[in-house]
Amino acid sequence: MSSVSPEALAGGVLTVDTAAIADNWRALAGQLGPGARCAATVKADAYGCGIPATVRALAASGCDTFFVALPAEGIAVREAAPGATIYVLDGLFPGTAPAYAEARLRPVLGSLPELEEWALFCRSRKVRLEAAVHVDTGMNRLGLTEQEAERLAGDRDLLDSFALALVISHLACGAEPGHPLNRQQLERFRTLSGHFPDAVRSLANSAGIFLGADYHFDLVRPGIALYGGKALDSFDNPMRPVARVEARILQLRTVRAGEGVGYGLAQTVRRDTRLAVVAAGYADGLLRRAGGSDDRPGGHGWIVGHRVPVFGRISMDMQALDVTDVPAALLRRGAMVELIGPHVAASELAAVADTIDYEYLTALGRRFHRRYAPLAEVAG
Ligand SMILES: *Cc1c(COP(=O)(O)O)cnc(C)c1O
């Protein structure tokens with residue numbers, strides 16, 4: 001083993017604050033309508049924050065129900081939370097029911113073939129295993145149609161072969177509170193879930209929680225808000241930030257007015273400019289679309305009190321930041337620049353890159369040195 005720390009060998013550091021995730025969960029749970037409980041959506045490696053640490057922190061705070069997309073993610077959650085209830089949103093993959101049973105995963109069944117396969121498996125094992133049913137209320141992605149849901153409701157044989165624990169649907173336009181589809185989906189969900197009176201009902205993701213108590217039913221399943229993300233398009237995000245990406249300065253250089261920077265020389269220097277080239281690029285999840293050009297300013301980073309614009313295209317492994325206005329004493333080779341975190345919201349970069357903060361979080365690179373620590377206690 002070398003005497004040099006792994007952190008010193010990485011281009012950047014990803015800090016995840018699991019106490020902030022747990023705080024966000026408690027804040028959401030505290031604003032629910034009467035009788036509603038708060039689960040947690042931890043798909044995509046807990047939106048980039050890491051399933052094991054995230055699930056352990058949430059379980060320790062009292063969260064007992066988790067939603068993942070894939071069965072493999074469910075198995076990872078099971079290892080971190082042996083007693084939890086785990087739902088797999090992508091449903092039942094063909095031929096995999098024994099693995100769900102072994103890890104006590106509950107598929108969210110969204111089509112009649114999936115329902116048949118789960119029922120057949122339960123009959124063959126002579127045990128009524130729990131599952132959820134997804135009913136589509138207007139998104140046209142996953143879930144039973146209205147007719148299929150009605151057919152299921154009338155099919156005693158099918159319903160008797162497994163334990164229907166939960167009925168869910170998903171909002172297509174929840175991020176836009178004024179969108180008329182929200183109310184329609186709410187009404188359709190009331191009707192369709194009414195066919196299964198013994199099942200727990202769940203409609204709301206993060207956005208649905210902020211739409212109000214009507215949308216909370218028995219169980220809510222926030223994802224992005226737990227991770228400090230912005231659930232609604234237009235509001236003051238009340239959640240605590242939970243992740244920080246810092247990248248180290250590789251080089252400082254001065255570029256003369258009139259010269260271009262980086263690939264394609266996409267952005268031209270207007271005044272003599274001090275650039276810091278830092279070791280994080282699009283291969284680390286810093287999306288290339290947030291680069292700057294002469295036509296369109298890019299995103300920004302932050303270094304000790306100073307906002308520093310991205311200058312020119314973002315490369316695979318690095319990007320340049322304009323640090324002309326930062327006191328020279330703060331700038332040195334090896335110093336860290338915050339690229340995402342308490343001072344640079346992923347939603348701000350996302351607006352520049354024409355995307356949503358979900359994409360930034362779930363793309364957070366695997367090359368960063370990762371540490372779990374309170375954000376407040378990390379220098380920088
Ligand atoms: C991803 C997902 C969630 C969580 O959504 P957020 O917008 O991140 O809160 C909830 N339900 C379903 C069906 C999902 O796919």
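From a predicted model like this one, the values you see are computed outputs, not experimental measurements. Note that ligands are numbered from 1 as they come in the structure, with each ligand's atoms numbered from 1 the same way.
Ligand 1 has no atom lying under 4.0 Å from any heavy atom of Ala207.
Neither the backbone nor the side chain of Lys230 has a heavy atom within less than 4.0 Å of ligand 1. Residue Leu89 touches ligand 1 through its side chain alone, judged by heavy-atom distances below 4.0 Å. Of all the heavy atoms of His170, the ones lying under 4.0 Å from any atom of ligand 1 belong exclusively to the side chain. The parts of Ser206 lying near ligand 1 are both backbone and side chain, judged by heavy-atom distances below 4.0 Å.
Using a 30° and 60° split on the angle between ring planes, His343 and Trp302 fall in the parallel class, below 30°. Ring pair Phe210/Phe235 is perpendicular by interplanar angle, where above 60° counts as perpendicular and below 30° as parallel.
Backbone and side-chain nitrogen or oxygen atoms of Ile168 are examined, and none is located within less than 3.5 angstrom of a nitrogen or oxygen of ligand 1. Geometrically, ligand 1 and Ile224 share a nitrogen or oxygen pair separated by less than 3.5 Å.
In terms of modelled atom types and a separation under 3.5 Å, the side chain of Arg289 and the main chain of Ala353 share a donor-acceptor contact. Of the possible polar contacts, none joining the Gln267 side chain to the Gly260 backbone as a donor-acceptor pair under 3.5 Å is found. Remark: the backbone N or O of Leu9 is not paired with any side-chain donor or acceptor of His369 at under 3.5 angstrom. With hydrogens and angles disregarded, a donor-acceptor distance shorter than 3.5 Å links the side chain of Ser293 to the backbone of Arg296.
The distance from ligand 1 to the heavy atoms of Pro222 drops below 4.0 Å at these ligand atoms: 9 (O). Close contacts of ligand 1 with Arg141, meaning ligand atoms under 4.0 Å from a residue heavy atom, involve 15 (O).
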Would Asp218 and Ser202 count as a side chain to side chain contact (heavy atoms under 4.5 Å, CB included) here? Give the steps. CA-CA 6 Å; Asp218 306 313; Ser202 176; over 6 Å; no
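The single protein non-hydrogen atom nearest to atom 5 (O) of ligand 1 is Asn205 CB, 3.4 Å, given as residue, atom name and distance. In this structure, atom 3 (C) of ligand 1 lies nearest to the protein heavy atom Lys43 NZ, 3.7 Å. In this structure, the protein non-hydrogen atom closest to atom 11 (N) of ligand 1 is Arg221 NE, 2.8 Å. Remark: minimum distance from atom 7 (O) of ligand 1 to any protein heavy atom is reached at Tyr358 OH, 2.6 Å.
Between Leu219 and Arg201 there is no side-chain heavy-atom pair separated by less than 4.5 Å. Between Tyr47 and Leu226 there is no side-chain heavy-atom pair separated by less than 4.5 Å.
Summarising the contacts of atom 4 (C) of ligand 1 with Phe67, Tyr47, Tyr227, the nearest heavy atom is found in Tyr47.
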